[in-house]
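Quick notes on the structure that follows.
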Amino acid sequence: MMIMKLKTLNFDTVVIGCGVAGMTAALYLKRANVRVCIIEKNAPGGQLNKITEIENYPGFKSIDGPTFAFNIFNQIRSLDITYKYLNVLEIISKDDYKIVKTNKEEITCKNVVIATGRISRELGLSNEKKLLSNGVSYCAICDGTLYKDKIVCVVGGGNSALESAMYLSYICSKVYLIHRNDEYRAEGILVDKLLQKSNIECIKNAKITELKETNDKLSSVVINNDKEIICDGIFIEIGNVPVPIKCDGLKLDNNYIVVDSNMKTSVDGVYACGDIIKKEVYQISTAVGEGTMAAVSIIRS
């Protein structure tokens with residue numbers, strides 16, 4: 001009688017993404033003695049690293065995003081959770097296991113948790129990518145200090161845009177907040193704080209139609225094809241788009257992954273949580289809950 005030898009997998013579960021959802025899932029899995037690995041291609045924390053101040057998460061009156069992210073990552077390190085700095089290219093399903101194909105190696109596992117989150121939406125202007133790091137930025141907390149005592153623009157009307165404008169107002173001599181509509185989509189308390197800042201000028205019903213450059217650096221922006229604002233930098237905060245992962249059979253809705261109440265996707269053994277999934281509310285608190293639910297579903301399976 002021939003005995004089939006089972007394939008030895010690198011890990012029980014691979015979590016793709018080291019934002020708050022992914023780190024939460026990894027924490028719960030590790031504490032349940034699941035062999036887990038986190039894969040991330042950028043800095044740990046994801047979108048948390050762009051948040052200047054968090055005031056709506058239980059247990060913290062106020063904390064900045066990078067500190068919050070670092071605190072969670074320290075928990076990851078204290079539990080000796082394997083962390084790999086890689087770019088995931090594809091998830092391949094085999095009979096009873098998965099292959100996570102990256103830019104450097106292939107990792108095998110039984111289950112995968114996709115927590116890749118979202119990235120900043122672009123304006124879509126012709127020289128926008130060219131001017132990245134030369135006047136164009138998507139992260140005020142990352143690049144704000146480069147514009148000390150200079151003039152900058154912030155584009156957007158949601159919480160992120162107003163938070164960025166507030167943060168930059170303490171660094172820059174002048175901040176223009178440019179919004180395409182007449183009303184902001186941000187929380188009222190943020191709008192009230194914004195209006196108290198003397199060096200923030202709000203421009204509504206305006207659309208950036210051109211980025212002008214001098215010596216390959218941003219020198220001004222054009223609004224509605226007719227008004228020019230001289231500035232040294234522009235911070236784009238007009239929302240986010242999901243970061244999809246190639247995986248055959250994965251059901252998507254406008255590039256967001258569709259999951260059930262247990263964070264299961266349409267592919268057996270593949271789960272998803274955080275900002276990458278299709279849902280109504282995109283908040284830190286919901287991401288934590290979804291990461292927990294994904295882990296618990298795997299533990300119980």
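Just so you know, these numbers use all the heavy atoms, side chains as well, and skip hydrogens, waters and symmetry mates.
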Side-chain contact test, heavy atoms from C-beta onward, threshold under 4.5 Å: evaluate it for [X] versus [Y] and give yes or no.
X    : Y    : answer
I92  : D248 : no
D149 : C172 : no
F73  : C18  : yes
V154 : I178 : no

At what distance, to the nearest 0.5 angstrom, does CG of N225 lie from NZ of K207?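 Result: 8.5 Å between the selected atoms.
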*Enter the distance from E55:CD to E187:CD here, rounded to the nearest 0.5 Å.*
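Between atom CD of E55 and atom CD of E187 there are 8.5 Å.
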Does one hydrophobic cluster hold both [X] and [Y], with members joined at side-chain heavy-atom distances below 4.5 Å?
X    : Y    : value
L48  : I63  : yes
L86  : I114 : yes
Y176 : V222 : no
L125 : I229 : yes

Does the side chain of Q283 pick up a donor-acceptor pair with the side chain of N56 at under 3.5 Å?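 Present: a donor and an acceptor within the cut-off.
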Please determine, by modelled atom types, if S164 and E237 share a side-chain donor-acceptor pair under 3.5 angstrom.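 Result is yes, a qualifying pair exists.
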[X] with [Y]: basic N within carboxylate O range, under 4.0 Å:
X    : Y    : value
E183 : K204 : no
D216 : K130 : yes
E228 : K212 : yes
R118 : D275 : yes
R35  : D12  : yes
E40  : K84  : no

Original post:
Only one of S137, C153, C142 clears side chain to side chain contact (heavy atoms under 4.5 Å, CB included) with F235; which?
Top reply: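 The passing option is S137.
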| query | Is the F68 ring parallel, tilted or perpendicular to the F60 ring (thresholds 30°, 60°)? | reply |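 The arrangement is perpendicular - the two ring planes meet at more than 60°.
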**Message:** For H179 and Y184, take the angle between the two ring planes, folded into 0 to 90°, and tell me which bin it lands in: parallel under 30, tilted 30 to 60, perpendicular over 60.
**Reply:**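 H179 vs Y184 ring planes: parallel.
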Review point. What do the steps show when you test K50 against E163 for salt bridge (charged side-chain N to carboxylate O under 4.0 Å, His left out), and what is the final call?
Key: CA-CA 10 Å; K50 296 178 61 178; E163 287 169 355; over 6 Å; no
Distance under 6.0 Å and angle within 45° of ring axis: K98 vs F11: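 Pair K98/F11 does not count as cation-pi.
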- Item | Check: Y85 side chain, K41 main-chain N or O, donor-acceptor pair, under 3.5 Å |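 Flag set: sc Y85 to bb K41 pair under 3.5 Å.
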Sequence neighbours left out, what passes disulfide (SG to SG under 2.5 Å) with C202? Give chain and number order.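 Testing C202 for disulfide (SG to SG under 2.5 Å), a comparison that skips the adjacent residues, returns none.
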- Message: Once salt bridge (charged side-chain N to carboxylate O under 4.0 Å, His left out) is applied, do any residues pair with E90, and if so which ones, sequence neighbours excluded?
- Response: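 Residues passing salt bridge (charged side-chain N to carboxylate O under 4.0 Å, His left out) with E90: none at all.
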Self-check item: Residues that Y28 engages under side-chain contact (heavy atoms from CB on, under 4.5 Å), provided they are two or more places apart
Solution: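 Y28 satisfies side-chain contact (heavy atoms from CB on, under 4.5 Å) with T24, T292, A295 once adjacent residues are dropped.
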